[in-house]
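Chain A is the first sequence line, chain B the second, and so forth, proteins listed ahead of strands; every chain is numbered from 1.
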Amino acid sequence: MPELAEVEFFRRQWDCGLGKQIVAVQLHVRKRIFRGSDPRVMARRLTGQRFLRSHARGKQMFLEFSGGNWIGIHLGMSGRMRTEAAGFRAEKHDHVVLQQARRALVFSDARLFGRVRFHHGKTEPAWWRTGGPEIGSEQFDRKFLDSFLDRHARAPIKAVVLLQAGFSGIGNWMADEILWRAKIAPSIPAGRLFSAQRAGLFRETRFVARESLRIISPNFDDPPRNWLIHQKWKRAGICPRHGSPLRKEIIGGRTTAWCARCQK
DNA sequence: GCTATTGTTTCTGG
DNA sequence: ACCAGAAACAATAG
């Protein structure tokens with residue numbers, strides 16, 4: 001589920017706990033979402049600390065607690081965040097429960113592709129300083145995009161738009177949406193895009209990222225009816241522009257839907 | 001049963 | 001050293 005806008009939506013689900021103390025921590029300690037960190041240390045350190053702030057960058061989330069304690073969350077394929085009433089008892093897939101006086105902050109993940117990392121220290125952990133530039137930022141400009149495309153010149157553009165080092169926060173549905181809007185066929189090698197196509201790719205990447213954040217992250221509202229996302233999962237999806245049947249194929253290792261009539 | 005799944009990491013071959 | 005592609009990870013929904 002989670003790409004840029006959904007990640008931001010889930011991050012906000014814990015905002016009602018900001019500034020409040022964590023009175024108890026319950027973790028499913030043996031689950032692989034904790035790979036690379038020690039969940040027992042995490043539980044011990046966080047207990048009694050206050051939840052100070054959180055940020056999202058692409059699909060990564062970063063939560064800061066008092067006492068120099070930090071959590072990084074990646075939602076993977078099926079990660080979710082929500083709140084429950086104080087004293088909530090974790091169910092099967094609720095791997096992290098941070099109990100506060102008035103509520104419980106819950107992270108759940110059925111498929112376990114997600115990841116929860118813990119860091120204790122005065123400064124931000126190295127893993128928070130990695131990753132590509134945010135799509136709305138000045139660093140994500142035509143020059144950056146051009147060099148990224150040239151670096152991956154032989155890969156199909158669909159695969160390149162999924163690379164987080166260049167297209168931070170873009171996932172499968174946003175990639176198809178962007179290529180459809182830019183009228184670029186997903187299997188074209190990135191290095192073969194003309195200048196005008198690159199300009200379109202840049203423009204539509206920024207548009208889809210900005211609009212998805214604006215529309216989806218506050219309340220998980222649906223994008224407009226004329227977006228490709230409403231068609232791409234259907235068995236017989238059609239191009240929102242002119243109703244041609246969409247084609248589907250595995251490109252870049254992922255199911256890809258596109259309109260052969262308008263994407264060249 | 002079978003298929004599919006909005007994501008990364010790791011390995012292999014070039 | 002870098003890149004591209006496939007497999008692996010795991011659980012559920014239809």
**Q** Applying side chain to side chain donor-acceptor pair (under 3.5 Å), can you list everything that pairs with H28(A), at least two apart in sequence or on another chain?
**A** H95(A)
**Q** Do NZ/NE/NH1/NH2 and the carboxylate oxygens of R198(A) and D150(A) come within less than 4.0 Å?
**A**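 Yes, R198(A) and D150(A) are salt-bridged.
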**Q** Is there a side chain to side chain contact (heavy atoms under 4.5 Å, CB included) between T256(A) and K248(A) once you walk through the steps?
**A** CA-CA 5 Å; T256(A) 300; K248(A) 282 182 196 166; over 6 Å; no
**Q** Could you name each residue pair satisfying salt bridge (Lys or Arg N to Asp or Glu O under 4.0 Å) that touches residues 160-185 of chain A, not counting sequence neighbours?
**A**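 Listed once each, the pairs are K158(A)-D176(A), D176(A)-K232(A), R181(A)-E204(A).
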**Q** If you measure from the C1' atom in dG1(B) to the same atom in dC9(C), how many Å do you get, rounded?
**A** 23 Å
**Q** Mind listing the residues from residues 174-185 of chain A sitting with a heavy atom below 4.0 Å of DNA chain C? Number order is fine.
**A** none
**Q** Please answer whether the main-chain N or O of P133(A) pairs with a side-chain N or O of Q139(A) as donor and acceptor at a distance below 3.5 Å.
**A** no
**Q** If only side-chain N and O atoms of R151(A) are considered, is one of them under 4.0 Å from the OP1 or OP2 phosphate oxygen of dC3(C)?
**A**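 Yes, because at least one side-chain N or O of R151(A) sits under 4.0 Å from OP1 or OP2 of dC3(C).
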**Q** Given that both pair distances must be under 3.5 Å and the pair must be Watson-Crick or G-U, what runs of three or more consecutive pairs involve DNA chain C?
**A**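 Detected stem regions: B:2-5 with C:11-14, B:7-14 with C:2-9.
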**Q** Can you tell me how far P in dA13(C) sits from the matching atom in dT8(B), rounded to whole Å?
**A** 22 Å
**Q** Of the residues in residues 155-169 of chain A, which ones touch DNA chain C at a heavy-atom distance under 4.0 Å?
**A**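 By residue number: A155(A), P156(A).
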**Q** Find every protein N or O atom lying less than 3.5 Å from an N or O atom of nucleotides 11-14 of chain C, and list the pairs.
**A**
residue	atom	partner	partner atom	Å
dT12(C)	OP1	K92(A)	NZ	3.2
dT12(C)	OP1	H93(A)	NE2	2.5

**Q** How would you list, by chain and number, every residue that makes a side chain to side chain contact (heavy atoms under 4.5 Å, CB included) with H55(A), sequence neighbours excluded?
**A**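 Here the qualifying residues are R53(A), W128(A).
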**Q** Of all residues at least two apart in sequence or in a different chain, which pass the side chain to side chain contact (heavy atoms under 4.5 Å, CB included) check with R129(A)?
**A**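 With sequence neighbours excluded, R129(A) shows a side chain to side chain contact (heavy atoms under 4.5 Å, CB included) to R57(A), E124(A), given in chain and number order.
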**Q** Taking W173(A)'s backbone N and O only, do any of them form a donor-acceptor pair with E3(A)'s side chain (distance below 3.5 Å, no angle check)?
**A** yes
**Q** Touch check for A5(A), heavy atoms < 4.0 angstrom, all strands: base, sugar-phosphate only, or nothing?
**A**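 It contacts nothing in the nucleic acid.
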**Q** Under 5.5 Å centre to centre and under 30° between planes: does that hold for F113(A) and the six-membered base ring of dC9(C)?
**A** yes
**Q** Using the side chain to side chain donor-acceptor pair (under 3.5 Å) criterion, which residues pair with R117(A)? Sequence neighbours excluded.
**A**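 With sequence neighbours excluded, R117(A) shows a side chain to side chain donor-acceptor pair (under 3.5 Å) to no residue whatsoever.
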**Q** I'd like to check the side chain to side chain contact (heavy atoms under 4.5 Å, CB included) partners of D15(A); sequence neighbours left out, ordered by chain and number.
**A**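 By the side chain to side chain contact (heavy atoms under 4.5 Å, CB included) rule, D15(A) matches R11(A), R12(A), L18(A), S54(A).
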**Q** I'd like to know if the side chain of R35(A) reaches the main chain of R115(A), judged simply by a donor and an acceptor atom lying under 3.5 Å from each other, with no hydrogens or angles considered.
**A** no
**Q** As a test of reading the structure: which of dA10(C), dA4(C), dT5(B) is closest to the side chain of H152(A), going by heavy atoms?
**A** dA4(C)
**Q** Under 4.0 Å from any atom of DNA chain B, heavy atoms only: list the residues of residues 227-234 of chain A that qualify, in numerical order.
**A** W233(A)
**Q** Using a 4.0 Å cut-off on heavy atoms, which residues in residues 249-264 of chain A reach DNA chain B? List them by number, or say none.
**A**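 Those residues whose heavy atoms fall under 4.0 Å from DNA chain B, taken from residues 249-264 of chain A in numerical order, are R254(A), T255(A).
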**Q** Quick check against the 3.5 Å criterion: does Q13(A) have a side-chain atom that pairs as donor or acceptor with the backbone of F9(A)?
**A** yes
**Q** Could you give me the CA-CA distance, side-chain angles and deciding distance for F140(A) and F202(A), then say whether ring-ring contact (aromatic ring centres under 6.0 Å, His included) is met?
**A** CA-CA 9 Å; F140(A) 186 83; F202(A) 177 72; 5.7 Å; yes
